[in-house]
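Please read the structure below before turning to the comments.
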There are 2 protein chains.
Amino acid sequence: MKLAEARTEFITKWGAFGSHWGINRTMAQVHALLLISADPLSQDDIMEQLNVSRGNANMNIRALMDWGLVERVIIPGERREFFVAEKDIWKVATQILRERKKREFDPMMKTVESLENIEGDKKDKNHKQFTETISSIKTFGRQADRMMDVMVKADENWFIGSLMKFFK
Amino acid sequence: MKLAEARTEFITKWGAFGSHWGINRTMAQVHALLLISADPLSQDDIMEQLNVSRGNANMNIRALMDWGLVERVIIPGERREFFVAEKDIWKVATQILRERKKREFDPMMKTVESLENIEGDKKDKNHKQFTETISSIKTFGRQADRMMDVMVKADENWFIGSLMKFFK
DNA sequence: ATGAACTTTCACAAAGTTTTGAAAATTCAG
DNA sequence: CTGAATTTTCAAAACTTTGTGAAAGTTCAT
């Protein structure tokens with residue numbers, strides 16, 4: 001397989017994969033393109049290589065910077081802005097975990113906590129089921145929370161190394 | 001806060017949360033409703049409590065069964081089918097992990113593996129960057145794969161217990 | 001075998017999301 | 001300053017996903 005072909009395939013598949021992960025298709029494709037590009041790319045490079053409009057490219061580059069997956073670099077003598085992706089996959093994964101925890105998980109846990117104490121007949125079976133469900137989600141959430149923290153703070157070798165030895 | 005109110009809030013929020021997780025809004029709402037219901041519910045109960053159409057309810061109950069999160073139960077003397085959700089949150093989480101791994105992660109890794117060997121000038125910097133990216137995704141993927149396997153196979157107390165002691 | 005009860009399907013409608021491209025805003029060299 | 005290069009915004013269009021409800025299909029007690 002030729003490089004050009006392989007690059008296209010990777011970009012397409014990473015795009016589809018990303019769309020399952022709270023990252024939209026174009027955003028994931030821009031990310032894929034930057035991951036496999038040795039040099040920083042300008043917005044026009046990205047538009048051209050992915051065949052997307054100016055607005056779309058701009059929006060998604062911005063979103064990738066918000067997620068902390070892409071950085072702006074300044075090339076001396078160049079007026080335009082260039083972009084590079086973080087290439088260390090462990091960092092990419094923990095960064096995504098961190099963001100999604102903040103955006104989705106933490107708010108959900110806040111809601112769950114706010115639903116812990118409800119009035120009414122504690123003998124009613126639906127009342128009982130409700131409080132049991134809420135409290136088990138809360139317990140599970142606390143554990144997941146700690147686990148995510150550990151992962152996000154650990155560096156790759158320490159974390160995976162220890163975990164794998166442990167679970168061998 | 002009253003039970004009815006709290007139930008509605010929980011269903012709404014779980015619905016929004018689920019939609020970030022490859023589970024659509026109605027599907028997550030049906031799941032939420034079943035999680036907090038002490039008794040099995042019929043399709044009509046679900047339609048009524050969530051204000052959704054027959055077709056929609058049917059489709060999403062079916063999808064939840066596909067995901068292994070909901071089961072059909074037969075109530076003696078009743079013609080209709082009833083449904084219950086798995087209430088153990090750890091089982092719910094590992095089941096979702098298992099399904100998403102199968103549907104999204106495994107195919108992505110297969111693609112990555114197929115892109116490992118490409119022709120061309122190994123000195124070209126984009127060629128080099130491409131193979132490096134692919135190989136680091138592959139390495140990361142193998143580790144993630146083993147980790148998911150351990151989680152999915154472990155039972156809650158063993159897994160969380162050990163992990164937490166370990167990382168204390 | 002019949003038909004009432006119940007479940008499934010599917011074409012179309014509604015809702016939601018993403019993309020476009022042109023116009024407005026900003027930046028910067030001269 | 002000025003104006004060319006570049007970036008940002010945003011309303012409308014295209015596309016995608018989800019939901020509806022009526023009709024078709026199935027099941028089962030009689």
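Each chain gets a letter, A, B and so on, in the order the sequences are listed, and its residues count up from 1.
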Q: Indicate, with a heavy-atom threshold strictly under 4.0 Å, whether B:Gln43 touches base, sugar-phosphate, or nothing.
A: base
Q | Expected output: side-chain A:Arg7 to main-chain A:Ile36 donor-acceptor under 3.5 Å | A | yes
(Q) Any residue in residues 57-79 of chain A with a heavy atom nearer than 4.0 angstrom to DNA chain D? Just list them by number, or reply none. (A) A:Asn58, A:Arg62, A:Arg79
Q | Salt bridge B:Lys138-B:Glu116, side-chain N to carboxylate O under 4.0 Å | A | yes
(Q) According to a hydrophobic-cluster definition based on side-chain heavy atoms being under 4.5 Å apart (Ile, Leu, Val, Met, Phe, Trp, Tyr only), do B:Leu35 and B:Leu33 belong together? (A) yes
Q: Using whole Å, report how far CG of A:Asn51 lies from P of C:dT19.
A: 13 Å
Q) Using 30° and 60° as the class limits, which term best fits the ring planes of B:Trp21 and A:Trp21: parallel, tilted or perpendicular? A) perpendicular
Q) How long is the line joining CZ of B:Phe83 and P of C:dC6, in whole Å? A) 13 Å
(Q) Between A:Glu113 and A:Lys110, does any NZ, NE, NH1 or NH2 come within less than 4.0 Å of an OD or OE carboxylate oxygen? (A) no
Q) Taking any atom under 4.0 angstrom from a heavy atom of chain B, which nucleotides of DNA chain D are the first and last to qualify, 5' to 3'? A) D:dT18 to D:dC28
Q) Cation over ring, B:Arg100 on B:Trp67, under 6.0 Å and within 45°? A) no
Q: Can you tell me the distance, in whole Å, between the CG atom of A:Leu50 and the C1' atom of C:dT18?
A: 15 Å
Q. Does the side chain of B:Ile11 come within less than 4.5 Å of B:Leu50's, by heavy atoms?
A. yes
(Q) Heavy atoms from C-beta onward define the side chain here; which of C:dT19, C:dT7, C:dT20 lies closest to that of A:Asn24? (A) C:dT19
Q) Closer than 4.0 Å, any side-chain N/O of A:Asn56 to the OP1 or OP2 of C:dT20? A) yes
Q.
Please report the distance, rounded to the nearest Å, between CE in A:Met27 and C1' in C:dT18.
A. 13 Å
Q.
Heavy atoms only, 4.0 Å cut-off, all strands: where does B:Arg54 land among base, sugar-phosphate and nothing?
A. base
Q) If you take all heavy atoms of B:Phe83 and B:Gln43, which pair is closest and at what distance? A) CE1-N, 4.1 Å
Q) Taking side chain as C-beta onward, heavy atoms only, is B:Lys123 less than 4.5 Å from B:Lys128? A) no
Q | Value in whole Å for how far the P atom of C:dT18 lies from CD1 of A:Ile23 | A | 12 Å
